[in-house]
Amino acid sequence: MAITAVYSSTKAALHSYVLSQRYKLKNTAVRVLEIAPPWVQTDLLGSNDEPRAMPLAEFIKETMGVLGTDAQEVLVERAKPLRENPGPNEGVLVTQFNDSMLQPQPRTETAV
């Protein structure tokens, strides 16, 4: 996400580090797992009520389900399109994603 370039780049660096550690430890009893969340409704960027972000409870439930498998990467369904698009079309994905972040989203009012 371009508006959080430093945060996004640290996530990319962490992914690279995890891949290296997983390789270095492949012949040991240590499993190196990576949880790669999508945009989740949290206090980060004030996205608690952001409709484009994944609800936190849904993220936790899906993550716990994947943790119960032998997956090395803990990816919820919403994160898979971003993770599965490296290569020549990655720039197109990044542009489309960042353009979508610039589009205002309607807020839904909740009666209290």
Side-chain angles (χ1 to χ4, degrees):
M1 187 181 324
I3 62 171
T4 59
V6 172
Y7 174 77
S8 296
S9 64
T10 59
K11 287 179 77 170
L14 184 59
H15 174 63
S16 178
Y17 180 76
V18 165
L19 293 175
S20 296
Q21 292 305 302
R22 188 176 294 140
Y23 179 82
K24 288 172 65 175
L25 298 167
K26 69 181 178 179
N27 295 321
T28 72
V30 176
R31 285 185 63 213
V32 180
L33 302 177
E34 177 181 11
I35 298 175
W39 188 10
V40 178
Q41 291 176 346
T42 65
D43 290 337
L44 186 63
L45 296 176
S47 61
N48 286 321
D49 297 319
E50 172 56 62
R52 295 172 290 181
M54 184 176 195
L56 181 58
E58 181 183 328
F59 169 72
I60 292 170
K61 181 179 180 182
E62 197 171 335
T63 296
M64 295 305 290
V66 178
L67 281 171
T69 71
D70 61 351
Q72 292 182 350
E73 289 189 332
V74 180
L75 299 172
V76 297
E77 288 301 315
R78 288 193 192 197
K80 288 180 180 179
L82 297 172
R83 181 65 83 164
E84 294 171 348
N85 195 44
N89 294 321
E90 187 173 23
V92 173
L93 174 76
V94 169
T95 298
Q96 290 172 344
F97 176 78
N98 283 294
D99 286 349
S100 75
M101 293 295 102
L102 298 175
Q103 302 300 319
Q105 295 295 307
R107 297 277 182 176
T108 56
E109 297 294 326
T110 344
V112 180

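All heavy atoms count here, side chains included; hydrogens, waters and symmetry mates do not.
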Close side-chain approach of Ile60 to Leu56, heavy-atom, < 4.5 Å: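 Side-chain contact under 4.5 Å: yes.
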Working for side-chain contact (heavy atoms from CB on, under 4.5 Å), residues Arg78 and Glu58: CA-CA 11 Å; Arg78 288 193 192 197; Glu58 181 183 328; 3.9 Å; yes
Asp43 atom CG, neighbour heavy-atom count above 12 within 6.0 Å: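 At most 12 heavy atoms, drawn from other residues, nucleotides or ligands, come within 6.0 Å of this atom.
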Are [X] and [Y] linked, directly or through other ILVMFWY residues, by side chains that come within less than 4.5 angstrom of each other?
X	Y	answer
Tyr7	Ile3	yes
Ile35	Met54	yes
Trp39	Leu44	yes
Phe59	Val74	yes

Nearest atoms (heavy-atom pairs only) where Ala79 meets Pro37: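 Shortest heavy-atom contact: CB-C, 4.5 Å.
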Non-hydrogen atoms of Ser100 and Arg52 that approach each other most closely: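 That closest heavy-atom pairing would be O-NH1, 2.8 Å.
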Is there a donor-acceptor contact under 3.5 Å from the side chain of [X] to the main chain of [Y]?
X	Y	value
Glu73	Ala36	no
Ser16	Ala12	no
Glu34	Gln72	no

Pair Lys80 + Glu77: basic N to acidic O under 4.0 Å: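 Yes, this pair counts.
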Partner of Pro55 under side chain to side chain contact (heavy atoms under 4.5 Å, CB included), chosen from Gln41, Lys61, Glu50: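 When Gln41, Lys61, Glu50 are each tested with Pro55, the side chain to side chain contact (heavy atoms under 4.5 Å, CB included) holds only for Gln41.
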Between CG on residue Leu33 and CG on residue Leu67, distance to nearest 0.5 Å: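 Taking CG in Leu33 and CG in Leu67, the distance rounds to 7.0 Å.
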Spacing of Leu25 atom CG and Ser20 atom OG [to the nearest 0.5 Å]: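 Result: 10.5 Å between the selected atoms.
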Trace of the side-chain contact (heavy atoms from CB on, under 4.5 Å) decision for Val66 with Val76: CA-CA 8 Å; Val66 178; Val76 297; 5.5 Å; no
